[in-house]
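Since the model is a prediction, treat every value here as computed from it, not as a measurement. Below, chains carry the letters A, B, ... as their sequence lines are ordered, and counting in each starts from 1.
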There are 2 protein chains.
Amino acid sequence: MMAIEIPEPIRAQCEKKGGIKGIKKKLPGKRDLEKRSQVFQALSDPLRLNIMLALVEQPLCVCMVKDIVNPKISDSKLSYHINILKDTGLIKGERKASWIIYEPTRLGKEAVKVAGKL
Amino acid sequence: MMAIEIPEPIRAQCEKKGGIKGIKKKLPGKRDLEKRSQVFQALSDPLRLNIMLALVEQPLCVCMVKDIVNPKISDSKLSYHINILKDTGLIKGERKASWIIYEPTRLGKEAVKVAGKL
DNA sequence: TCACCATTTCAACTTATTTTGAAACAACAT
DNA sequence: ATGTTGTTTCAAAATAAGTTGAAATGGTGA
């Protein structure tokens with residue numbers, strides 16, 4: 001049997017915050033964690049991050065995005081990634097004649113702004 | 001043959017920014033994109049995000065992290081995720097007697113602060 | 001109508017990430 | 001030394017994400 005089970009300074013700091021329970025209470029719930037980590041997930045691919053950065057500069061149709069990020073990638077690949085950004089709510093697209101113009105949502109702009117700080 | 005190949009307002013805006021070339025120039029290089037997206041990748045898992053949030057509240061040893069995020073997960077699983085956060089440079093660990101106390105790095109704190117805005 | 005262009009969808013495939021359980025390591029107490 | 005606790009490592013299995021090429025959709029102009 002031991003008196004001290006964890007390092008004393010840590011235990012003391014921890015108690016001041018209401019102990020394990022106190023810290024637990026400050027953390028988001030399951031839903032919230034999933035939602036937020038999904039945004040990170042969407043930006044966790046270099047190509048998608050690049051697409052976001054381009055769209056923040058300027059709303060663009062898919063074919064221009066392609067020209068900018070890499071003229072050699074396949075259309076289906078590009079579409080796949082754009083779709084992830086759209087489903088996550090980071091961008092939205094609007095049809096203009098033959099083209100679909102994508103631009104960042106408010107969330108998308110926030111996220112990219114944030115990316116610049118890392 | 002057509003005169004207009006892309007929506008006029010977009011083309012005009014785009015020209016003002018130096019066209020495709022101009023936008024391209026503003027985007028980060030491959031290395032930079034990879035580095036940044038990796039940070040997002042690390043935070044793209046709800047468990048890891050939760051661990052980060054807990055550590056920002058209070059530096060903790062692994063066993064306390066476990067108590068907080070989910071007492072039922074296996075040690076190896078927890079270790080795997082902690083390791084990803086460490087390798088990405090979001091947290092650092094220091095041995096104190098029997099325990100290893102983890103705490104967020106400067107980058108880790110920044111990243112979490114940012115997470116709160118999404 | 002037809003051919004054409006931009007974009008998306010689909011299913012098969014490849015690759016990357018996560019989970020598991022057992023074993024190893026490290027520090028400490030007896 | 002031995003046993004105990006905290007933590008990591010490893011390889012195998014399970015799951016998820018990304019890529020590919022072909023086919024489909026939907027708008028446009030002849």
Side-chain angles (χ1 to χ4, degrees), chain A residues 1-8 10-11 34 37-51 55 59-88 91-103, chain B residues 1-8 10-11 33-34 37-51 55 59-88 91-102:
Chain A
M1 253 244 197
M2 302 180 52
I4 300 171
E5 296 272 340
I6 50 172
E8 185 48 31
I10 300 289
R11 205 199 52 75
E34 276 165 7
S37 57
Q38 225 182 97
V39 173
F40 287 117
Q41 161 71 17
L43 296 171
S44 73
D45 180 286
L47 174 54
R48 287 198 296 265
L49 182 54
N50 209 16
I51 293 171
L55 292 178
L60 295 164
C61 57
V62 179
C63 53
M64 289 180 82
V65 171
K66 182 174 174 176
D67 269 355
I68 290 170
V69 300
N70 176 6
K72 285 179 199 150
I73 71 172
S74 69
D75 292 331
S76 63
K77 180 172 173 176
L78 183 53
S79 184
Y80 167 78
H81 287 288
I82 283 181
N83 215 45
I84 285 176
L85 293 172
K86 191 173 65 183
D87 289 348
T88 316
I91 64 175
K92 62 182 181 223
E94 199 187 339
R95 187 133 219 157
K96 294 261 166 79
S98 290
W99 303 269
I100 299 174
I101 310 296
Y102 283 100
E103 66 178 310
Chain B
M1 255 245 204
M2 302 178 53
I4 302 172
E5 297 270 340
I6 51 172
E8 185 47 33
I10 299 288
R11 205 199 51 75
L33 284 170
E34 276 164 8
S37 58
Q38 227 183 100
V39 174
F40 287 118
Q41 162 70 17
L43 296 171
S44 73
D45 180 286
L47 175 55
R48 286 197 296 265
L49 182 54
N50 209 15
I51 293 171
L55 291 179
L60 295 165
C61 58
V62 178
C63 52
M64 290 179 83
V65 170
K66 183 175 174 175
D67 270 355
I68 289 170
V69 301
N70 177 6
K72 284 178 199 150
I73 71 172
S74 68
D75 292 331
S76 62
K77 181 172 174 177
L78 183 54
S79 184
Y80 167 78
H81 287 288
I82 284 182
N83 217 44
I84 285 176
L85 294 172
K86 192 174 62 182
D87 289 349
T88 316
I91 63 175
K92 62 181 181 223
E94 200 187 339
R95 188 132 219 156
K96 294 261 167 77
S98 291
W99 302 269
I100 299 173
I101 310 298
Y102 283 99

What's the closest nucleotide to the side chain of [X] if the choices are [options]?
X: B/Cys63; options: C/dA6, C/dT18, D/dG6; answer: D/dG6
X: B/Trp99; options: C/dT18, D/dG18, D/dT7; answer: D/dT7
X: B/Tyr80; options: C/dA6, C/dT18, D/dT7; answer: C/dT18

Indicate the atoms forming the closest heavy-atom contact of A/Pro46 with B/Glu34, along with that distance.
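Heavy-atom minimum between the residues: CG-CG, 4.0 Å.
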Heavy-atom closest contact (A/Tyr102 atom, A/Ile91 atom, distance)
CD2-CD1, 3.7 Å
Check: B/Ser76 main-chain N/O paired with B/Ser79 side-chain donor or acceptor under 3.5 Å:
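Checked: no pair found.
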Length of the line joining A/Lys77:NZ and C/dT15:C1', which is rounded to integer Å:
12 Å
What is the distance, to the nearest angstrom, from the CG atom on B/Asp75 to the P atom on D/dT4?
17 Å
When you match B/Arg95 and A/Lys86 each to their closest nucleotide on DNA chain C, which lands nearer the 5' end?
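It is A/Lys86 whose nearest nucleotide is closer to the 5' end.
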By nearest-heavy-atom nucleotide on DNA chain D, the more 5' of A/Ser98 and A/Leu47 is A/Leu47
Phosphate-side-chain proximity, [X] and [N], N/O vs OP1/OP2 below 4.0 Å:
X: B/His81; N: C/dT19; answer: yes
X: B/Tyr102; N: D/dT8; answer: yes
X: B/Ser79; N: D/dT8; answer: yes
X: A/Arg48; N: D/dG18; answer: yes

Base, sugar-phosphate, or nothing: which does A/Leu78 touch, judged by heavy atoms less than 4.0 Å apart?
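Nothing, no nucleic acid heavy atom in range.
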For A/Ser76, which contact category applies under a 4.0 Å heavy-atom criterion: base, sugar-phosphate, or nothing?
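Counting heavy atoms under 4.0 Å across all strands, the contact made by A/Ser76 includes a base.
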Single hit among A/Val69, A/Ile100, A/Ile68 for side chain to side chain contact (heavy atoms under 4.5 Å, CB included) with A/Leu60:
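That would be A/Ile68; it is the only one of A/Val69, A/Ile100, A/Ile68 passing the side chain to side chain contact (heavy atoms under 4.5 Å, CB included) with A/Leu60.
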